[in-house]
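Reminder, nothing fancy here: chain letters follow the sequence lines and each chain counts from 1.
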Amino acid sequence: MQSLGQGSRRRIVDVLTLSPPQEGIVVKGWVRTVRTSKQVAFLNVNDGSNLSGLQVVAGEDLENREEVGHLTTGSAVAITGTLVESPAKGQAVELRATAVEIVGKADPDYPLQKKRHGFEFLRTIAHLRNRTNTYGAVFRVRNALAHATHCFFQDRGFVYVHTPIITASDCEGAGELFRVSTLDPESPPRNDQGQIDWSQDFFGGSTYLTVSGQLDVETFALGMSDVYTFGPTFRAENSHTSRHASEFWMIEPEMSFCDLAGDCDLAEAYTKHLVTTVLERCAEDMAFFDERVEKGLVERLRAVAEASFERMTYAEAVRRLEGSGQEFEYPVYFGANLQAEHERHLTETLVGRPVFVTDYPREIKAFYMRRNDDDRTVAAMDLLVPKVGELIGGSQREERHDVLKAAIEAAKLPVEAYQWYLDTRRFGTTPHAGFGLGFERMVMYATGMQNIRDVIPFPRTPGNCLF
RNA sequence: UCCGGAGUAGCUCAGUCGGUAGAGCAGGCGGCUGUUAACCGCCGGGCCGGGGGUUCGAGUCCCUCCUCCGGAGCCA
């Protein structure tokens, strides 16, 4: 039996690097366009390995030339032929077909056409949209960013920790949770007071989908030094914005024996590594985004790769914003959470490049952030970047047992549920720090795409869980 | 959840003052000396988001609901 593995075909991106002529080349992919004239038919075939695809020429001598000329967009084909220099403009080489096997025809109602579609429509056919120029490029870049993430941390000796998806506690009070339950919703068991008795649920108590792997990964840092987690995260927030999804991916590194400045150093190096890698590895796709999605994108990213990021305290940021003369919808004052409009103005206008804002008032930050000596701020940092706003949020963690316990109590969280977390502060605690990066935010930043639903393969948002 | 905008052919859209529903692309058929979002000709294609109202008459005006988009909040 003949094998149909990868060995029997070549990726188009690789074929394009060969110097013609080359006989006996086999490519397989999907037809993007068909142009037919009396003698010749031209197919643009794309296998997802690059943006431009390969021009295939079906000449008169081809046995099934008639059938090939009637191929519809979206059909799957396997082509054997000779790679030759192209006599026409538009491409350097083309594949002169000696055989075209029609592997899978596309019905005439194939929804993708040889023209621009709106992103809104393409979201309704998320199972097919990876076959378009834009989404193919998005998902190649997304892949490159994921790979670059692992390379960056692995090269620095970080251990990849798979933190759990199902959790028992509302980790940090970060947003609404999705409950995980196997109880019968029609008739759940009830206690004496008539309330649902969650102790009879699958795990013997209430469980939820994770909103952050941070607390779990912290415990690994306090034993394995440098670690990171990279996985799906879930928020049941009813947000209708272009920047929020109910299911998204998050990268959370955590380092022991590290302070806030070291945390910023890592965040800056990581961001630059991602940007540099994607410019190098996805040059064709990035040029496409630069031309069709956001003019000046490549230049903007290059500047990020070379700039040194500004660092300023929250207090200074507030002073700069107050003194900027800019009118804001929401007032700026010490103690206020920086609004999206403030963050954008700071990084885009006042600083003009990425900026770390550090040392926020402790009232507006999470309980686990380390209290500063001034007693009113915590060792938190946000990385703000032009166009997107907050890209990374991190902090040095509170390593002092009693201070942490008091913070949990002050936040009105159940101390019992955090006993395991507090344990790490009793058994060899160390200063440690980490941050979280919403992966889709990074993909948006790198591609210039404006909507989170267009950078994740199958977006989940309130009221929408198709595919 | 709040504020704003939009729903017309498979897609992208036009539709004047309220008076019989339009184009381009896609699809089908044919033509064309190697095309580049090819080009030329012909053909098929509509619950004008749903419901209610005003009117002799509603895609168009009013009410209501739904969905989508943008922004805000929440956050990543």
Cation over ring face, Arg441(A) and Tyr445(A), 6.0 Å, 45°: no

Would you mind classifying the nucleic acid contact of Leu112(A) as base, sugar-phosphate or nothing, using non-hydrogen atoms under 4.0 angstrom? nothing

Pair Glu60(A) + Arg65(A), salt bridge at N-O below 4.0 Å: no

When rounded to whole Å, the CZ to C1' distance for the pair Arg131(A) and A26(B) reads 16 Å

Integer angstrom distance from the P of G51(B) to that of G59(B): 13 Å

Where RNA chain B forms stems, i.e. three or more consecutive Watson-Crick or G-U pairs with both distances under 3.5 Å: B:1-7 with B:66-72, B:10-13 with B:22-25, B:27-31 with B:39-43, B:49-53 with B:61-65

When the distance from CG of Leu122(A) to C1' of A26(B) is rounded to whole Å, what number comes out? 14 Å

Separation between CG (Leu83(A)) and CG (Leu16(A)), nearest 0.5 Å, reads 7.5 Å

Indicate, with a heavy-atom threshold strictly under 4.0 Å, whether Gln55(A) touches base, sugar-phosphate, or nothing. base

Gap between atoms CG and C1', on Asp382(A) and A76(B) respectively (whole Å): 10 Å

Using atom P in both nucleotides, what's the gap between C66(B) and G19(B) to the nearest angstrom? 31 Å

Using the P atom on both, measure G53(B) against C47(B) and round to a whole Å. 22 Å

Mapping Met250(A) and Thr33(A) to their closest nucleotides on RNA chain B, which lands nearer the 5' end? Thr33(A)

Please report, rounded to the nearest Å, how far the P atom of G71(B) is from the CD1 atom of Ile452(A). 13 Å

From the set U1(B), A76(B), U33(B), return the single nucleotide nearest to any side-chain atom of His240(A). U1(B)

Does the side chain of Arg96(A) pick up a donor-acceptor pair with the side chain of Thr98(A) at under 3.5 Å? no

Roughly how far, to the nearest 0.5 Å, is OG1 of Thr313(A) from CZ of Arg320(A)? 10.5 Å

Have a look at Ala41(A) and say if it touches a base, only the backbone sugar-phosphate, or nothing, with a 4.0 Å heavy-atom cut-off. nothing

Any side-chain N or O of Arg32(A) less than 4.0 Å from the OP1 or OP2 oxygen of A37(B)? no

NZ or CZ of Arg131(A) within 45° of Tyr110(A) ring axis and under 6.0 Å: no

The answer to which of Pro108(A) and Ser37(A) contacts RNA chain B further toward the 5' end, by nearest nucleotide, is Pro108(A)

Does a nitrogen or oxygen in the side chain of Arg35(A) sit under 4.0 Å from OP1 or OP2 of A38(B)? yes

Regarding Asn44(A), tell me which of base, sugar-phosphate or nothing describes its non-hydrogen contacts under 4.0 Å with the strands shown. nothing

Counting side-chain heavy atoms from CB outward, which of G27(B), G70(B), A76(B) is closest to Arg453(A)? G70(B)

Taking any heavy-atom pair under 4.0 Å as a contact, classify Ser242(A): base, sugar-phosphate, or nothing. sugar-phosphate

Nearest whole angstrom, please: distance from the P of G73(B) to the CG of Leu338(A). 11 Å

Verify the contact: side-chain N or O of Asn451(A) to OP1 or OP2 of G70(B), cut-off strictly under 4.0 Å; return yes or no. yes

Spatial distance of atom OG (Ser395(A)) from atom CG (Asp259(A)) [nearest 0.5 Å]: 12.0 Å

Output the single nucleotide from A76(B), C75(B), A72(B) whose closest atom is nearest the side chain of Asn337(A). C75(B)

Short side-chain N/O contact to U33(B) OP1/OP2 from Lys38(A), under 4.0 Å: no

Identify which nucleotide among A72(B), G70(B), U36(B) has an atom closest to any side-chain atom of Gln339(A), counting heavy atoms from C-beta outward. A72(B)

From the options Phe248(A), Phe439(A), Tyr160(A), select the one residue that forms a ring-ring contact (aromatic ring centres under 6.0 Å, His included) with Phe230(A). Phe439(A)

Sugar-phosphate atoms are those with a prime plus P, OP1 and OP2; base atoms are the rest. Using that split, label each nucleotide of nucleotides 9-14 of chain B B, S or - for protein heavy atoms under 4.0 Å, 5' to 3'. -BBS--

Qualifying residue, where the test is side-chain contact (heavy atoms from CB on, under 4.5 Å) with Val68(A) and the options are Leu62(A), Val34(A), Thr36(A): Leu62(A)

Quick check: do Tyr228(A) and Val217(A) have side-chain heavy atoms less than 4.5 Å from each other? no

Does a side-chain N-to-carboxylate-O contact under 4.0 Å join Lys365(A) and Asp359(A)? no

Heavy-atom contacts under 4.0 Å between residues 70-98 of chain A and RNA chain B, which residues? His70(A), Thr72(A), Ser86(A), Pro87(A), Ala88(A), Lys89(A), Gln91(A), Glu94(A), Arg96(A)

Tell me which one of Val138(A), Leu301(A), Val278(A) satisfies side-chain contact (heavy atoms from CB on, under 4.5 Å) with Phe289(A). Val138(A)

Rounded distance (Å) that lies between atom P of U35(B) and atom CZ of Phe42(A): 7 Å

Mind calculating the distance between CD (Gln39(A)) and C1' (C39(B)) to the nearest angstrom? 16 Å

Say we look at G24(B) and U1(B): how far apart would their C1' atoms be, to the nearest angstrom? 41 Å

Spacing of Phe139(A) atom CZ and Thr134(A) atom OG1 [to the nearest 0.5 Å]: 10.5 Å

Would you mind reading off the distance between Leu384(A) atom CG and A76(B) atom C1', rounded to a whole angstrom? 13 Å

Sugar-phosphate, base or nothing in reach of Tyr330(A), heavy atoms under 4.0 Å: sugar-phosphate

Provide the distance between the two P atoms, one in G15(B) and one in A9(B), to the nearest whole Å. 15 Å

Using the C1' atom as the reference point in each nucleotide, state the distance between C13(B) and A26(B) in Å, no decimals. 14 Å

Thr80(A) and its side-chain contact (heavy atoms from CB on, under 4.5 Å) partner, picked from Leu95(A), Val26(A), Val100(A), Val27(A): Val26(A)

